[in-house]
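To start, I am sharing the structure in question, which I have written as structure tokens.
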Amino acid sequence: MDNARLVKALQAAKEEAEGANRAKSDFISLVSHELKVPITAIKGYADLIGRVGQVSESQANFLKTIVVNVEHMTRLISDLSDISRIEGGRLQLDYTAISLPEVVEEVTFSAGKQVQEKEQELQVHVPADLPRLWCDRTRLTQILTNLVSNASKYTPPGGQITVEARRYQPSRDDHQGVDFIQVSVQDTGIGISPEDQQRIFDEFFRSGDRPARQTPGTGLGLSITKKLVELQGGSIWFESEYRKGSAFHFTMPLAPGGQRQLPL
Ligand code: ADP
């Protein structure tokens with residue numbers, strides 16, 4: 001095949017692949033939208049049954065199972081719709097100057113029940129006078145919620161979770177005139193095996209490691225988290241020691257003028 005024909009064939013294949021990808025995104029977006037309505041109704045009525053009359057202990061257990069599964073499906077649908085929006089370039093980010101300590105407080109408060117149930121200790125080391133970040137508040141909350149929730153899920157009862165933030169010190173070549181805050185979520189959990197470490201940011205990846213398997217999940221949290229961090233100009237990485245624990249770190253840019261705020 002001469003060069004011109006080869007380029008034309010490659011162009012056609014690329015367009016076909018892009019078309020298939022768009023069709024996949026549109027399909028996911030339609031399905032997730034259509035599933036939201038019946039799922040909301042199931043959850044609403046399951047909640048109501050317990051309130052309109054007396055239910056026996058076994059009926060209460062059945063209702064609890066319905067609610068837990070509906071919550072799992074809701075999480076899956078919202079993850080799928082996030083993926084399709086991100087991949088289709090349709091995710092709208094609303095950038096404002098955000099106080100990280102406020103977001104960390106909200107996230108750790110919401111995670112409180114999950115952490116207490118496992119009798120884990122959650123420590124926060126985030127200076128109150130951190131300069132503000134430039135990002136989307138809802139999406140920053142989602143990133144942190146995913147990391148703190150994973151830290152708790154993949155840490156046995158009695159373990160420790162730490163959330164820390166500090167000024168990120170980029171290497172000289174890395175520094176492109178933007179300053180960042182580095183946020184870290186550390187745990188003393190099951191850790192990630194060297195093979196799994198290559199794949200944890202892949203869509204739908206779930207470890208085959210027995211203690212990880214025992215925890216329900218969709219395998220979408222970290223892939224979405226990575227995309228959300230990168231879309232907002234940050235980066236994410238982790239260190240993990242098998243059966244000792246893991247630490248996930250991500251960076252977020254400071255708000256304009258943030259560099260001139262309080263030195264760290
Ligand atoms: P999910 O938790 O729904 O399975 P994620 O994308 O959040 O999906 O995580 C992918 C996999 O990475 C998990 O199934 C688990 O095996 C591993 N993982 C994530 N966070 C941790 C952690 N803090 N400690 C150990 N393993 C983790």
Side-chain angles (χ1 to χ4, degrees), residues 28 32 35 39 68-87 91 104 107-108 110-125 138-165 182-231 234-251:
I28 292 179
S32 49
L35 284 173
I39 283 176
V68 167
N69 280 283
V70 166
E71 277 167 0
H72 182 61
M73 269 160 81
T74 310
R75 175 84 261 150
L76 183 59
I77 291 167
S78 112
D79 283 354
L80 282 173
S81 93
D82 278 352
I83 290 221
S84 89
R85 263 188 263 170
I86 294 169
E87 287 183 350
L91 186 80
V104 170
V107 170
T108 50
S110 315
K113 190 165 164 242
Q114 183 186 353
V115 170
Q116 272 163 22
E117 272 170 9
K118 290 185 83 175
E119 295 182 350
Q120 293 161 335
E121 191 192 342
L122 176 60
Q123 286 199 4
V124 176
H125 300 295
T138 311
R139 299 302 174 176
L140 176 66
T141 305
Q142 185 176 356
I143 293 166
L144 261 168
T145 303
N146 271 335
L147 296 180
V148 171
S149 159
N150 274 354
S152 168
K153 268 164 51 174
Y154 300 112
T155 297
Q160 192 169 321
I161 300 162
T162 313
V163 181
E164 274 175 1
Q182 175 178 329
V183 186
S184 305
V185 179
Q186 257 171 288
D187 63 62
T188 57
I190 60 174
I192 305 167
S193 70
E195 307 93 88
D196 285 354
Q197 291 191 18
Q198 315 297 319
R199 304 189 48 204
I200 57 161
F201 288 116
D202 293 353
E203 270 171 31
F204 296 106
F205 174 74
R206 299 221 65 218
S207 171
D209 193 22
R210 188 181 273 248
R213 273 268 164 230
Q214 283 164 351
T215 315
T218 61
L220 287 171
L222 280 182
S223 73
I224 294 175
T225 300
K226 183 170 193 293
K227 288 179 178 128
L228 290 177
V229 168
E230 289 172 355
L231 274 174
S235 48
I236 182 164
W237 68 100
F238 66 95
E239 304 138 68
S240 183
E241 212 179 323
Y242 195 49
R243 296 293 179 256
K244 292 254 168 71
S246 311
F248 283 80
H249 312 279
F250 69 92
T251 56

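Note that the numbering runs from 1 along the sequence shown for the chain. Atoms within a ligand are numbered from 1 in the order they appear, just like the ligands themselves.
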For Arg213, salt bridge (Lys or Arg N to Asp or Glu O under 4.0 Å) partners two or more places apart: none
Checking heavy-atom distances from atom 15 (C) of ligand 1 to each of Phe204, Phe201, Tyr154, the winner is Tyr154
Measure from the side-chain N and O atoms of Lys227 to the backbone N and O of Ile83, and report whether any donor-acceptor pair falls under 3.5 Å. no
Can you sort out which atoms of ligand 1 are near Gly217, meaning under 4.0 Å from one of its heavy atoms? 3 (O)
Go through ligand 1 atom by atom and flag the ones less than 4.0 Å from a non-hydrogen atom of Lys153. 1 (P), 2 (O), 3 (O)
If you scan protein heavy atoms around atom 4 (O) of ligand 1, the nearest is Arg206 NE, 2.7 Å
How far is atom 6 (O) of ligand 1 from its nearest protein heavy atom, and which residue and atom is that? Leu222 N, 2.8 Å
Heavy-atom pairs closer than 4.0 Å: do any link ligand 1 to the side chain of Ile192, the backbone, both, or neither? side chain
If you count heavy atoms of other groups shown closer than 6.0 angstrom to NZ of Lys244, is the number above 12? no
Looking only at protein heavy atoms, which one is nearest to atom 3 (O) of ligand 1, and how far off is it? Thr218 N, 2.8 Å
In terms of side-chain heavy atoms, does Asp187 have a donor or acceptor partner in Gln120 at a distance below 3.5 Å? no
Spell out, as yes or no, whether a donor-acceptor pair under 3.5 Å connects the side chain of Gln123 to the backbone of Gln160. no
Of Ile236, Val183, Leu140, Ile224, which meets side-chain contact (heavy atoms from CB on, under 4.5 Å) against Val229? Ile236
Leu220: numbered ligand 1 atoms lying under 4.0 Å from its heavy atoms: 6 (O), 8 (O)
Note: ligand 1 atoms sitting under 4.0 Å from heavy atoms of Gly191 are 25 (C)
If the threshold is 4.0 Å, N to carboxylate O, is there a salt bridge linking Asp209 and Arg243? yes
Identify, with sequence neighbours excluded, every residue that meets salt bridge (Lys or Arg N to Asp or Glu O under 4.0 Å) alongside Glu119. none
For ligand 1, which atoms have a heavy atom of Phe205 less than 4.0 angstrom away? 10 (C), 11 (C)
Heavy-atom contact under 4.0 Å between Gly219 and ligand 1? yes
Contact between Phe248 and ligand 1, counting heavy atoms under 4.0 Å? yes
Heavy-atom closest pair (Ser223 atom, Phe201 atom, distance to 0.1 Å) is CB-O, 3.1 Å
What part of Ser246, side chain from CB on, backbone N/CA/C/O, both or neither, has a heavy atom under 4.0 Å from ligand 1? side chain
